[in-house]
Amino acid sequence: MLEKTFDPKAVEPRLYAMWEASGAFAPIADPAAEPFSMVIPPPNITGSLHIGHALNNTLQDVLVRFQRMRGKAALWLPGTDHAGIATQMVVERQLAEAGNMSRRDMGRDAFIAKVWEWKAQSGGTIVNQLRRMGASCDWSRERFTLDDGLSAAVRKVFVTLHKQKLIYRDKRLVNWDPQFQTAISDIEVEQREVEGNYWHFAYPLEDGSGEIVVATTRPETMLGDTAVAVHPSDERYKALIGKCVRLPIVGRPIPIIADDYADPEKGSGAVKITPAHDFNDFQVGKRHKLPVINILDPQARLNENAPEEFRGLDRFVARKRVIEQFEALGLLRGVEKTRHAVPHGDRSGVVIEPYLTDQWYVDAKTLAQPAIKAVEDGRTVLEPANWEKTYYEWMRNIEPWCISRQLWWGHRIPAWYGPDGKIFVEETEEAAKSAAREHYGRDEPLRQDEDVLDTWFSSGLWPFSTLGWPEKTQDLARFYPTHTLITGFDIIFYWVARMMMMGLHFTGQVPFKRVFFNALVRDAQGAKMSKSKGNVMDPLELVDAYGADALRFTLTAMSGQARDIKLSTQRIEGYRNFGTKLWNAARFCQMNECIRTPGFDPGAVKQTLNRWIVGETVKAAKAVTQALETCAFDDATGALYRFIWNVFCDWHLELAKPILNGDDEAAKAETRATTAWVLDVALQLLHPVSPFLTEELWDKTAQFGHGREGMLMTTRWPDLPDAWIDPEAEAEIGWLVDLITEIRQVRAEMNVPPSARAPLTLSGAAPEAKQRLSRHRDLILSLGRLGSVAEAESPPAGAVPFVIGEATGALAIAQFVDLAAERARLGKEIGALAGDIDRTAKKLGNPDFVARAPEEVVEENRERLAEAENAKARLEAALKRLETVS
RNA sequence: GGGCGGCUAGCUCAGCUGGUUAGAGCGCCUGGUUUACACCCAGGAGGUCGGGGGUUCGAACCCCUCGCCGCCCACCA
């Protein structure tokens with residue numbers, strides 16, 4: 001006998017091991033099978049599973065299990081990302097904590113070795129956590145962005161793009177992170193609103209004829225000013241254009257130039273120009289061929305280009321000193337409080353400086369064009385569709401992508417420099433050497449570029465590099481383009497856009513046909529989960545507490561939210577209970593010997609109840625299938641929940657009880673077989689969402705019933721014919737359900753004790769209802785807890801009436817009736833009907849409605865009005881009788 | 001400044017291309033030792049669908065507008 005509840009802890013590891021060992025995670029080899037492929041968004045090796053991963057991977061697993069059961073050659077390809085900055089940070093911190101040498105002290109090779117060591121120890125954490133969620137990835141194909149194959153792909157891509165002039169080296173301002181001392185790309189910069197000040201500084205004219213006032217939020221940058229710009233049509237300054245001001249503190253004369261960039265409306269209308277430390281000023285400087293004076297070192301301390309007293313000072317210290325000096329010089333013209341956005345590094349959290357360096361860039365603008373087109377013409381579909389707008393907006397305004405990073409952990413840039421600075425970009429050092437030999441006519445020492453590539457450069461190749469590209473592998477031929485990508489919208493620019501660009505450029509095909517953006521998980525208050533807020537929910541703790549299936553079901557059910565998911569443990573508990581409900585339904589089947597019957601044909605059952613539940617099962621299977629096909633995950637769980645709990649358990653099993661306990665052996669046998677079949681289908685339909693519970697029940701039911709071959713996981717998804725839906729059975733069971741519900745309502749409202757076996761009479765019933773009444777007499781007696789069922793001309797005096805279709809039911813329970821309560825009950829029902837009649841009559845009385853609304857809507861309202869009037873009349877009559885009797 | 005999403009029962013959310021009395025889960029209240037399940041069963045209360053205007057025979061749904069809440073992009077004169 002099954003236990004009363006499912007014990008996930010005992011079962012999950014065993015089942016997962018069984019699945020994995022069976023080889024069923026790998027796509028089936030059958031060449032005729034249609035491929036279905038997905039690549040995992042590779043988690044960082046530094047990561048541990050958070051609830052966002054849990055959601056994202058649950059949805060992927062639901063989808064891949066579903067497609068696998070449909071007979072597809074389903075591949076879910078897993079792997080991890082080396083995560084340049086994040087990993088380097090973690091390892092550096094660990095080294096520091098352990099009192100080791102710093103990265104720079106130990107040197108590049110030693111440090112990299114340490115990172116690999118760390119990866120071997122801790123890098124697999126998240127992968128094993130995915131297993132605990134039940135993820136059915138094909139681990140035999142697991143990849144890592146820094147493994148040999150992927151590294152080769154990265155070099156190939158870099159070299160190819162370089163030869164195509166789509167990768168180039170350039171000296172320009174970059175977003176510089178002084179903490180990590182590396183360039184970062186635009187999207188790694190996070191704007192934060194902060195309180196700040198505008199300082200108004202006076203710059204005296206060189207000829208002593210006056211001054212010009214400029215404003216800044218970054219006073220220290222004035223040390224690098226090389227001009228003051230005014231608008232060419234600004235009357236206030238027209239006369240000053242071409243003159244010079246003497247830059248205070250520094251003493252350098254700098255010109256007053258005319259440029260449209262200066263906005264007469266803002267501040268004084270004059271703006272200081274610091275080409276080396278401001279993106280806009282850099283452009284102005286270019287236009288006017290201004291000197292570019294870099295005043296910062298890589299740690300954002302003032303360098304030798306600043307006056308001596310500032311050298312070596314931190315930028316913020318220097319800022320204070322500059323202000324003090326202006327004040328002392330009597331040139332501070334005012335301070336204004338302001339709230340403004342300041343760029344911060346998304347990883348380091350420090351203020352980013354625009355900084356002039358040589359870096360490698362990808363010509364994203366060119367690569368973006370085919371990627372835009374592919375979405376426009378639907379070769380790749382983004383869902384929900386509103387993300388297309390975001391995608392287009394970004395792609396159409398894309399800037400060159402800075403891909404070099406001054407880090408050690410990552411793909412080293414395959415560029416070598418000759419003694420004269422000549423650059424050789426080749427896939428290997430040997431190739432670079434031979435290119436150099438050809439160029440110089442002799443062997444010259446080469447020096448490889450010190451930098452590594454942005455992590456997203458390698459992740460951008462993920463859908464094809466993981467399948468073996470640039471080799472022409474079978475996997476590549478079979479599984480590329482991948483079918484669906486499920487990921488978070490927070491990385492639409494970082495990742496999705498780059499994969500589109502790279503995939504199209506190098507394979508000529510889109511990397512995936514569909515992208516489904518899942519919601520973001522928040523806590524119960526709607527706040528983004530973060531360690532600092534202390535509101536993180538650890539999915540593994542939730543798995544421990546409720547089981548993986550309950551968490552999976554919850555996440556799947558809540559995934560419909562457009563933007564974010566607020567998770568509460570109550571909800572998980574509720575879905576855990578749902579699993580228990582199904583477990584106990586199986587227990588019921590076991591106790592009642594509902595076991596699989598070989599050769600059972602659901603289309604041939606005779607009993608109304610069985611024809612009905614077969615039809616309901618067909619409908620449920622259709623609903624779940626359609627939902628999963630369209631990534632409507634919440635609809636899928638909704639359909640499963642309602643079918644299993646509210647249809648199968650609440651009604652089918654209850655209605656089956658009298659048959660199973662009765663002595664019509666043929667009916668009993670058929671009902672047993674049908675119930676067992678429904679349970680099997682339910683297990684199959686639920687399996688993608690709740691794999692552990694269902695697989696365990698599949699096994700257990702096989703043990704108490706007929707044995708069966710194989711795992712639930714690899715069974716064929718139910719494809720049931722519509723012909724099994726029987727409208728007559730539907731109507732009949734529907735009527736029965738209504739009748740029983742009415743009886744229960746009356747009993748509950750009249751406080752009739754369960755032990756009281758009330759007699760029921762039915763009057764005014766149509767022949768069809770009479771037949772139903774006699775056919776299901778036993779059922780009605782038991783589920784309604786009735787003493788007898790009879791037909792009558794009219795409801796007996798003192799009985800409590802209710803409406804069931806065209807008929808009036810009446811329960812003879814006078815001894816329990818509180819007249820006032822009954823009067824209130826009937827009064828309320830009559831009132832509701834009156835309201836309905838009033839509304840409907842008014843509608844029908846409106847000639848415009850009758851003339852313009854579709855005929856069927858008008859007809860519907862007519863029927864409705866007639867029914868309501870009829871029901872109201874019957875209840876009023878009953879109420880009157882009640883009052884005369886008393 | 002530009003864009004996106006949200007505002008529906010005490011809470012968390014469904015409500016597809018406008019058409020009965022707006023639904024679910026949780027919570028709450030009442031009743032229940034009905035041998036599958038108290039992680040349960042039966043029943044109930046609870047909403048002028050953020051405000052205002054419009055289109056329509058008819059609006060939670062379409063349009064305009066305002067108000068909050070959240071996110072993304074741009075902006076450090």
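Labels below follow one simple rule: chain letters A, B, ... track the order of the sequence lines, proteins then strands, and each chain is numbered from 1. Reckoned from all heavy atoms, side chains included, excluding hydrogens, waters and symmetry mates.
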Practice task
Tell me yes or no: between the side chains of A/Thr675 and A/His652, is some donor less than 3.5 Å from an acceptor?
Solution key: yes
Handout entry: Phosphate contact (B/rG44 OP1 or OP2) by A/Gln745 side-chain N/O below 4.0 Å
Key = yes
Exercise for the section: Report the nucleotide, chosen from B/rG43, B/rC76, B/rC37, that has the shortest atom-to-atom distance to any side-chain atom of A/Arg587. Expected result: B/rC37
Problem - Nucleotide pairing, RNA chain B (Watson-Crick or G-U, distances under 3.5 Å), in dot-bracket with [ ] and | - result: (((((((..((((.....[...)))).(((((.......))))).....(((((..]....))))))))))))....
Handout entry: Whole-Å gap separating P (B/rU34) and CG (A/Leu786)
Key = 18 Å
Practice task
Could you check whether A/Gln590 gets within reach of a base, just the sugar-phosphate, or nothing at all, counting any heavy atom under 4.0 Å?
Solution key: nothing
Practice task
Report which part of the nucleic acid A/Arg218 touches: base, sugar-phosphate, or nothing (heavy-atom distance under 4.0 Å, all strands).
Solution key: base
Exercise for the section: May I ask you to say what A/Thr741 touches in the nucleic acid, namely base, sugar-phosphate or nothing, with a heavy-atom cut-off under 4.0 Å? Expected result: sugar-phosphate
Exercise for the section: Report yes or no: do A/Ser185 and A/Glu188 form a side-chain donor-acceptor pair below 3.5 Å? Expected result: yes
Exercise for the section: Name the nucleic acid region contacted by A/Ile740, choosing base, sugar-phosphate or nothing; use a 4.0 angstrom heavy-atom cut-off, strictly under. Expected result: nothing
Problem - Distance-only donor-acceptor test, A/Glu3 side-chain atoms vs B/rA36 base atoms, 3.5 Å - result: no
Handout entry: Contacting residues from residues 642-651 of chain A, given that a heavy atom lies under 4.0 angstrom of RNA chain B
Key = A/Trp645, A/Cys649, A/Asp650
Practice task
May I ask you to verify if any side-chain N or O of A/Lys4 is less than 4.0 angstrom from the OP1 or OP2 atom of B/rC40?
Solution key: no
Handout entry: Pairs meeting criterion salt bridge (charged side-chain N to carboxylate O under 4.0 Å, His left out) with involvement of residues 649-659 of chain A, two or more places apart
Key = A/Glu654-A/Lys657
Completion exercise
Taking B/rU35, B/rC37, B/rC40 as options, the one with an atom nearest any side-chain atom of A/Met591 is B/rU35
Handout entry: Listed nucleotide nearest any side-chain atom of A/Arg576, set B/rC39, B/rC76, B/rU34
Key = B/rC39
